[in-house]
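All remarks here apply to the structure that follows.
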Amino acid sequence: MRRGDSPVTEPLREWFARPTEQVARDLIGCTLAVDAGTSSAVIARIVETEAYLGTSDPASHAFRGPTPRSRLMFGPAGHLYVYFTYGMHHCANVVTEMDGVAGAVLLRAAAVEGGEAAVMARRGDGATGAGLLRGPGNLCRGLGITRADNGIDLLEPASRVHLDRRESTPPIAIGTRVGLRHATDRLLRFSWLGDPAVSRPVPRDRGETN
DNA sequence: GTTGCGATTGGCT
DNA sequence: GCCAATCGCAACC
């Protein structure tokens with residue numbers, strides 16, 4: 001146990017430090033708590049994720065080894081990895097795997113369970129309901145996640161964003177990752193089967209349930 | 001120092 | 001389905 005770790009958070013740290021695909025699947029149904037205790041508090045249930053592996057995954061930022069941007073993916077699990085892309089969108093990831101091994105799970109979509117008005121205000125467009133946190137860019141925008149949140153510890157109670165485990169196992173659909181040039185055939189996308197907040201439903205012939 | 005492009009999105013054909 | 005918007009990275013010279 002590293003200095004500063006509490007006996008309570010350390011078992012959770014080990015849960016995040018498992019293989020990336022397993023964490024990606026198990027994050028479906030978990031809830032994000034943002035700005036808890038403030039007037040803009042939001043609770044969001046994760047409904048879609050993608051696994052990005054380490055140096056063996058050509059689609060991963062970690063593929064060519066650690067860089068100034070990707071070094072967080074090689075660090076301890078349970079931290080938030082946020083990057084900026086297309087000159088306008090942020091994407092939020094949860095770091096996985098043992099310290100020294102790269103891996104992260106992209107949060108692609110979530111369902112708002114509390115604080116909908118705060119999310120609508122942050123969106124600032126006409127988005128409502130299941131569309132509020134649909135898609136990785138929209139998820140960050142609706143939750144106010146930017147590079148200012150890069151590296152925060154999701155297990156630390158004081159963090160602006162933290163994550164709670166789900167109670168039961170939802171029906172899961174498995175499919176290929178979205179928007180990639182390489183490794184487009186790997187089944188590393190996980191979603192809550194049939195949830196209206198999922199960004200792009202998994203084609204029926206590729207889907208599986210558990 | 002320069003350059004090509006991306007784990008996206010919304011709008012239009 | 002196609003495409004522009006817009007800029008930080010990382011690769012390359």
Side-chain angles (χ1 to χ4, degrees), chain A residues 16 19-25 27-28 32 44 46-75 77 79-97 101-112 119-152 154 161 163 173-192 196-203 206:
Chain A
F16 284 105
T20 307
E21 308 95 300
Q22 289 180 34
V23 179
R25 171 189 274 264
L27 278 173
I28 302 299
L32 291 166
I46 298 168
V47 300
E48 184 182 359
T49 63
E50 281 177 357
Y52 285 86
L53 313 183
T55 50
S56 66
D57 180 3
S60 171
H61 289 169
F63 181 57
R64 296 172 192 278
T67 66
R69 179 177 66 171
S70 69
R71 74 186 186 290
L72 268 166
M73 286 183 67
F74 292 81
H79 291 253
L80 198 62
Y81 166 47
V82 184
Y83 67 88
F84 186 63
T85 191
Y86 290 102
M88 61 193 93
H89 300 297
H90 295 274
C91 290
N93 303 255
V94 177
V95 176
T96 58
E97 304 281 353
V101 178
V105 175
L106 173 68
L107 303 178
R108 285 197 58 90
V112 179
V119 178
M120 290 179 69
R122 279 181 170 135
R123 286 288 305 248
D125 53 13
T128 57
L132 282 168
L133 302 177
R134 179 188 292 139
N138 289 331
L139 185 149
C140 284
R141 190 168 155 205
L143 297 179
I145 294 174
T146 69
R147 275 173 298 176
D149 300 301
N150 194 33
I152 66 173
L154 296 168
V161 182
L163 203 148
I174 303 175
T176 56
R177 294 178 293 184
V178 175
L180 306 182
R181 299 172 48 116
H182 301 110
T184 55
D185 57 337
R186 305 188 68 165
L187 298 175
L188 294 174
R189 182 160 73 111
F190 304 88
S191 63
W192 187 308
V198 172
S199 71
R200 254 183 50 184
V202 175
R206 303 301 292 272

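Here is how names work: the chains are called A, B, and so on, in the same order as the sequence lines, proteins then strands, and each is numbered from 1.
- For the pair A/His79/A/Phe16, no side-chain contact is recorded, criterion being any heavy-atom separation below 4.5 Å from C-beta on.
- A close approach under 4.0 Å does occur between a side-chain nitrogen or oxygen of A/Arg123 and OP1 or OP2 of B/dG10.
- Across all strands shown, A/Asn93 has heavy atoms under 4.0 Å from base atoms, whether or not it also approaches the sugar-phosphate.
- In this structure, A/Arg181 places its CZ atom 17 Å from P of C/dA10, rounding to the nearest Å.
- Between A/Phe84 and A/His90, the ring planes lie tilted relative to each other; the angle falls in the 30° to 60° range.
- Within 3.5 Å, no donor on the side chain of A/Tyr86 pairs with an acceptor on the base of C/dA5, nor the reverse.
- Taking atom CZ of residue A/Arg200 and atom C1' of nucleotide B/dT9, one finds them 13 Å apart after rounding to whole Å.
- Here A/Leu180 lies in heavy-atom contact (under 4.0 Å) with sugar-phosphate atoms only.
- Two residues are said to be in side-chain contact when any heavy atoms from C-beta on lie closer than 4.5 Å; A/Thr20 and A/Glu97 meet this criterion.
- A heavy-atom distance below 4.5 Å is found between the side chains of A/Leu107 and A/Thr49.
- In this structure, A/Leu139 atom CG and B/dT8 atom P are separated by 13 Å, rounded to whole Å.
- Atom CZ of A/Arg200 is surrounded by 12 or fewer heavy atoms from other residues, nucleotides or ligands within 6.0 Å.
- One atom, CG of A/Leu106, and another, C1' of B/dT8, lie 11 Å apart when rounded to the nearest Å.
- Taking atom CZ on A/Arg134 and atom P on B/dG10, their separation rounds to 10 Å, with Å as the unit.
- A heavy atom lying under 4.0 Å from DNA chain C marks the following residues of residues 60-68 of chain A, by number: A/Arg64, A/Thr67, A/Pro68.
- Between A/Phe84 and C/dG8, no base-stacking contact is recorded for ring centres under 5.5 Å apart and planes less than 30° from parallel.
- OP1 or OP2 of C/dA10 sits under 4.0 Å from a side-chain N or O of A/Arg69.
- Heavy atoms of A/Arg147 sit under 4.0 angstrom from primed sugar atoms or phosphate atoms, though from no base atom.
- Just one of A/Asp57, A/Thr184, A/Asp185 meets the side chain to side chain donor-acceptor pair (under 3.5 Å) condition when paired with A/Arg177; it is A/Asp57.
- Closest to the side chain of A/Thr85, from the set B/dA7, B/dG6, B/dT9, is B/dG6.
- To the nearest angstrom, P of B/dA7 lies 10 Å from NE2 of A/His182.
- Within the shown strands, nothing qualifies as a pairing partner of C/dT6 under the Watson-Crick or G-U definition with both distances less than 3.5 Å.
- We find that OH of A/Tyr83 is positioned 13 Å from P of C/dC9, with the value rounded to whole Å.
- Annotation: side chain of A/Glu50 is in contact with side chain of A/Tyr52 (closest heavy-atom distance under 4.5 Å).
- What you find for A/Val198 and A/Arg134 is that their closest heavy atoms are O-NE, 3.6 Å.
- The side chain of A/Met88 approaches C/dT6 more closely than any other nucleotide in the set B/dA7, B/dG10, C/dT6.
- Rounding to whole angstrom units, CZ of residue A/Arg71 and P of C/dC9 are separated by 10 Å.
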